[in-house]
S.K.: 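Here it is, the structure in full.
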Amino acid sequence: MLITDGPFADTKEIFGGFYLLEAGNLDQATEIAARIPAARLGGAVEIRPVVAPQGQP
Amino acid sequence: MDDTAIPDERLELIFTCCHPALATEAQVALTLRAVAGLSTEEIARAFLVPRETLKRRLTRAKSKIAAAGIPFSVLPEHLLPERLAAVLAVIYLIFNEGYDRQAGQTAQAELAAEAIRLGRVLAALLPAEAEPRGLLALMLLHDARRQARFDGQDLVLLQDQDRSLWDWRQIAEGRAILDRISTGSRGPYAIQAAIAALQTAGQLDWSQIAALYDELADLTGSPVVRLNQAVAVAEADGPAAALAIVNVLDLPGYQYWHSTRAELLRRLGRTDEARAAYSEALSLARTEPERRFLENRIAELSPS
């Protein structure tokens, strides 16, 4: 069988367990975002702080 | 010469383009380009190779076809089975391209519906073959969640999805098709369908999912399969066991290798390494929902 990508829910849809940590360093996030191709080509990349909903750890 | 029994023009084209004079990868790549209209970038990503490599592969394939003088002719029915593996791969990768995209938002998302349509015709055309039915079941099961997977431009992970938005009729159809394939005659697509069926259950049986991935990995030798097995292992046995699997895989250009590693490192509290891995994944991400998901992860990991 060929080695290809595929509709694998595990890596694409399941992996997460997303929970909110302390807001990260904005400068660091900006520096990382500058590596994104859109930013390099002059497009806009938005950095948004994420606010924890009430009751979340 | 027999008249072909293929009742659908596009499926007939796919069969014709999957010519055994070419290596299977070349057949599939050429057909995805010529019949499905995928871009060279999209096909390269599907094969986990650089774009230049894929372009060279396509150029060589076209030259070979031109040199061999292969005629575009009606395909006799008795030649269909030998081309089946390549045709299944074409439909699978057309579906995958659609699966990666938001439903109804882009032309690419319509590819999922087209792949399912082609899968139905193929399954009806070759009723003695189990794998077309396996592929159809797989596509129906994953596609059933299309309305729940995105919230605007954001990814919604499976565990957070609104299940009332799942297409339960389609899930039932997929499960029914799968159930008619005997366990003993399950090939790679049917095994993936079995995994997909387990993922639509109320409580996910991760150990069983991991075991099916193990079976699939032995059958295919695919590192992509091992990567997905690692996700199931992480849920069943914890991140350390999963990271051990992921770290020995050779998938440096594959976005999901980096994002999976990142998540495992995050769960292990190895924050700096997680952030670096998420950044790698982000540089490889190509859809807006995935970019936003990864950006959020990066922004929230505190620097050491």
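A note on names: the letters A, B, ... follow the listed sequences, proteins ahead of strands, and every chain is numbered from 1.
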S.K.: Show the numbers, then the answer: is there a side-chain contact (heavy atoms from CB on, under 4.5 Å) between Asp10(A) and Ile209(B)?
M.R.: CA-CA 10 Å; Asp10(A) 298 77; Ile209(B) 292 171; 4.1 Å; yes
S.K.: For the residue pair Tyr99(B) and Ala9(A), what are the closest heavy atoms and their distance?
M.R.: OH-CA, 3.4 Å
S.K.: Could you grab the distance from atom CG of Leu157(B) to atom CD1 of Ile14(A), nearest 0.5 Å is fine?
M.R.: 9.0 Å
S.K.: Pick from Arg145(B), Glu290(B), Gln161(B): which one has the most heavy-atom pairs with chain A under 4.5 Å?
M.R.: Arg145(B)
S.K.: Give a yes or no on this: more than 12 heavy atoms of other residues, nucleotides or ligands lie within 6.0 Å of atom CG of Asp218(B).
M.R.: yes
S.K.: Below 4.5 Å from any heavy atom of chain A, which atoms of Val28(B) appear? Answer side chain, backbone, both or neither.
M.R.: side chain
S.K.: For Arg45(B), which residues count as a salt bridge (charged side-chain N to carboxylate O under 4.0 Å, His left out) partner, sequence neighbours excluded?
M.R.: none
S.K.: Does any non-hydrogen side-chain atom of Thr11(A) lie less than 4.5 Å from one of Ser259(B)?
M.R.: no
S.K.: Using 0.5 Å steps for rounding, measure from the CG atom of Asp5(A) to the CD atom of Gln255(B).
M.R.: 9.0 Å
S.K.: Going by the rule salt bridge (charged side-chain N to carboxylate O under 4.0 Å, His left out), which residues pair with Arg51(B) if we only count those two or more places apart in sequence or in a different chain?
M.R.: none
S.K.: Given heavy-atom pairs under 4.5 angstrom as the criterion, report whether the side chain, backbone, both or neither of Ala86(B) touches chain A.
M.R.: neither
S.K.: Under 4.5 Å from any heavy atom of chain A, what part of Tyr213(B) do you find: side chain, backbone, both or neither?
M.R.: side chain
S.K.: Please look at Ile3(A) and chain B and tell me whether the side chain, the backbone, both or neither of the residue comes under 4.5 angstrom of a heavy atom of that chain.
M.R.: both
S.K.: Could you tell me which portion of Gln229(B) (side chain, backbone, both or neither) has an atom closer than 4.5 angstrom to a non-hydrogen atom of chain A?
M.R.: neither
S.K.: Roughly how far, to the nearest 0.5 Å, is CZ of Arg266(B) from CZ of Phe15(A)?
M.R.: 9.0 Å
S.K.: When the ring planes of Phe8(A) and Tyr92(B) are compared, do they come out parallel, tilted or perpendicular, using 30° and 60° as the limits?
M.R.: perpendicular
S.K.: Side chain, backbone, both or neither: which part of Gln199(B) has an atom under 4.5 Å from a heavy atom of chain A?
M.R.: side chain
S.K.: Taking C-beta and beyond as the side chain, do Lys12(A) and Asn96(B) meet within less than 4.5 Å on heavy atoms?
M.R.: yes
S.K.: Tyr256(B), Tyr278(B), Trp257(B): which one forms the most heavy-atom pairs within less than 4.5 Å of chain A?
M.R.: Tyr256(B)
S.K.: Contact part of Leu204(B) toward chain A, heavy-atom cut-off under 4.5 Å: side chain, backbone, both or neither?
M.R.: side chain
S.K.: Of the backbone (N, CA, C, O) and the side chain (C-beta and beyond), which part of Phe47(B) lies under 4.5 Å from a heavy atom of chain A, both, or neither?
M.R.: both
S.K.: Where do Glu13(A) and Gln159(B) come nearest, in terms of heavy atoms and distance?
M.R.: O-OE1, 4.1 Å
